[in-house]
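Here the structure is laid out as structure tokens; the discussion comes afterwards.
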Amino acid sequence: MIHVGLLGCGNIGRIIAKGQDNFKITAVYDTAQEKADAFGKEFSAAAHTDFSAFLSEPCDVIVEAASVAAARSHAKAVLEAGKDIIIMSVGALADEEFRADLIETARKNSVKIHIPSGAVLGLDNIKVGQIARVDKILLKTTKSPASLNRPITEKTQLFGGKAHDCVREFPKNTNVAQSLSLAAGRSIDVELWADPAEDRNMHEIFFEGEFGEIYARIRNVPSPDNPATSYLAALSILSLLRNLDSPLVIGA
Ligand SMILES: NC(=O)c1ccc[n+]([C@@H]2O[C@H](COP(=O)([O-])OP(=O)(O)OC[C@H]3O[C@@H](n4cnc5c(N)ncnc54)[C@H](O)[C@@H]3O)[C@@H](O)[C@H]2O)c1
């Protein structure tokens, strides 16, 4: 049984908790005391609003499902405490200096930083970008104006440029761009579109290189408790946890 510490008792946290199987959430942490307490009571986990107390719990792995700010504040301490971390708020790793320091800390403490596939697919084979010639890697994301909080009435391109610039302009819409960039080993090209005709969060990946061409399209439904989060992202972390102790490693 894997003992999990959950950092962030929100929508993703609840989906993970409801899918406990080969793992048990034994401790939770949230800055909102009522959320931590209610979660701890419902799922029989120790509830904390003090991070040091949370970190001293005997967990094997910490799941960050809170925010970019939370990942930036706490990831290093988790690794220094000798625990693996699974980071959902991948936008936190856009900062090169922070990312390098985190990877070095993990190396020194012989622990791992896991990045789930989240709201996309194909991170496994996008990693060939680190070893093969790449001619093009573009992520085209299309969302409804409501999901982007923009009063737009016709299809409009909001951003075109590199992933690391997108994170500055649209911090809440960069987890996918950042995950793909980490996999490909370079800051990828990104287009962000608002389209009133689109009711889902759509990601299209265009990947070309010496291996041939890949085109993938993902049309995500929103999570039941948080429309800003794709349900696929929550399921992906659940699947990562369920496979964490499996001897058969698929598509890693
Ligand atoms: N990698 C991906 O593809 C992907 C996809 C969807 C969502 N996400 C990210 O996952 C994270 C969680 O998503 P969600 O839908 O569960 O969000 P949510 O808003 O439903 O829940 C977040 C919870 O974390 C808590 N929290 C926020 N900041 C905190 C902090 N500094 N310390 C402790 N607790 C804190 C909140 O009180 C809340 O209970 C978000 O950052 C989101 O952007 C990633």
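For reference, positions follow the sequence shown, starting with 1. When a ligand or atom number is given, it counts from 1 through the structure's own listing order.
Of all atoms in ligand 1, numbered sequentially from 1 with element shown, those under 4.0 Å from a heavy atom of Gly8 are 24 (O). Those atoms of ligand 1 with a heavy atom of Gly118 less than 4.0 angstrom away are 2 (C), 3 (O). For ligand 1, the atoms closer than 4.0 angstrom to any heavy atom of Val90 are 1 (N). If you number the atoms of ligand 1 from 1 as listed, the ones under 4.0 Å from a heavy atom of Ala233 come out as 5 (C), 6 (C).
The heavy atom nearest to atom 28 (N) of ligand 1, out of those in Ser89, Ala69, Ser67, is found in Ser67. Among Asn226, Thr229, Leu123, the residue whose heavy atom lies closest to atom 6 (C) of ligand 1 is Thr229.
Under the 4.5 Å side-chain criterion, counting only non-hydrogen atoms from C-beta, Asp189 is not in contact with Phe206. Between Pro222 and Asn201, every side-chain heavy-atom pair lies at or beyond the 4.5 Å cut-off.
For ligand 1, none of its N or O atoms has an N or O atom of His74 under 3.5 Å away. Between Ala119 and ligand 1, an N or O atom pair is found at a separation short of 3.5 Å. Between Tyr29 and ligand 1, not a single N/O pair is under 3.5 Å apart. Between Ala32 and ligand 1, no N or O atom pair is found at a separation short of 3.5 Å. The shortest N or O to N or O distance between Lys35 and ligand 1 is under 3.5 Å. Taking any N or O of Ser117, backbone or side chain, none lies under 3.5 Å from an N or O belonging to ligand 1.
Salt bridge annotation for Arg219-Asp199: present, with a cationic side-chain nitrogen under 4.0 angstrom from a carboxylate oxygen.
Of the possible polar contacts, none joining the Arg72 side chain to the Phe98 backbone as a donor-acceptor pair under 3.5 Å is found. Proximity of a side-chain donor or acceptor of Asp84 to a complementary backbone N or O of Val111 within less than 3.5 Å is not detected. Without hydrogens or angle criteria, Ser181 side chain to Ile188 main chain gives a donor-acceptor distance under 3.5 Å. Using a distance-only test at 3.5 Å, with no hydrogens or angles considered, a donor-acceptor pair links the side chain of Ser144 to the main chain of Ser147. Side-chain atoms of Gln20 come within 3.5 Å of backbone atoms of Ala17 as a donor-acceptor pair (strictly under, hydrogens ignored).
Scanning the protein heavy atoms around atom 16 (O) of ligand 1, the nearest turns out to be Ile12 N, 2.9 Å. Closest to atom 21 (O) of ligand 1, if we only count protein heavy atoms, is Gly10 CA, 3.2 Å. At the top of the distance list for atom 20 (O) of ligand 1, counting protein heavy atoms only, stands Asn11 N, 3.0 Å. Of the protein's heavy atoms, Asn175 ND2, 3.4 Å lies nearest to atom 8 (N) of ligand 1. Nearest protein neighbour of atom 1 (N) of ligand 1, counting heavy atoms only, is Met88 O, 3.0 Å. Ranking protein heavy atoms by distance to atom 37 (O) of ligand 1, first place goes to Asp30 OD1, 2.7 Å. Summary of contacts: the protein heavy atom closest to atom 30 (C) of ligand 1 is Ala70 CB, 3.5 Å. Among all non-hydrogen protein atoms, the one lying nearest atom 24 (O) of ligand 1 is Ala66 CA, 3.3 Å.
Across all non-hydrogen atoms, the minimal contact from Ala183 to Gln130 is O-NE2, 2.7 Å. Shown here for Ala119 and Ile218, the closest heavy-atom pair between the two residues is O-CG2, 3.8 Å.
Using a 3.5 Å distance cut-off with no hydrogens or angles, the side chains of Ser89 and Glu64 do pair a donor with an acceptor. Side-chain contact, Ser223 with Asn11: a donor N or O sits under 3.5 Å from an acceptor N or O.
Listed by chain and number, the hydrophobic cluster partners of Val61 are Ile2, Val4, Leu6, Ile12, Ile16, Phe23, Ile25, Val28, Phe39, Phe43, Val63, Ile86, Met88, Ile237, Leu238, Leu240, Leu241, Leu244, where partners are ILVMFWY side chains within reach of under 4.5 Å, directly or through others.
Using a 4.0 Å cutoff on heavy atoms, Cys9 counts as a contact of ligand 1.
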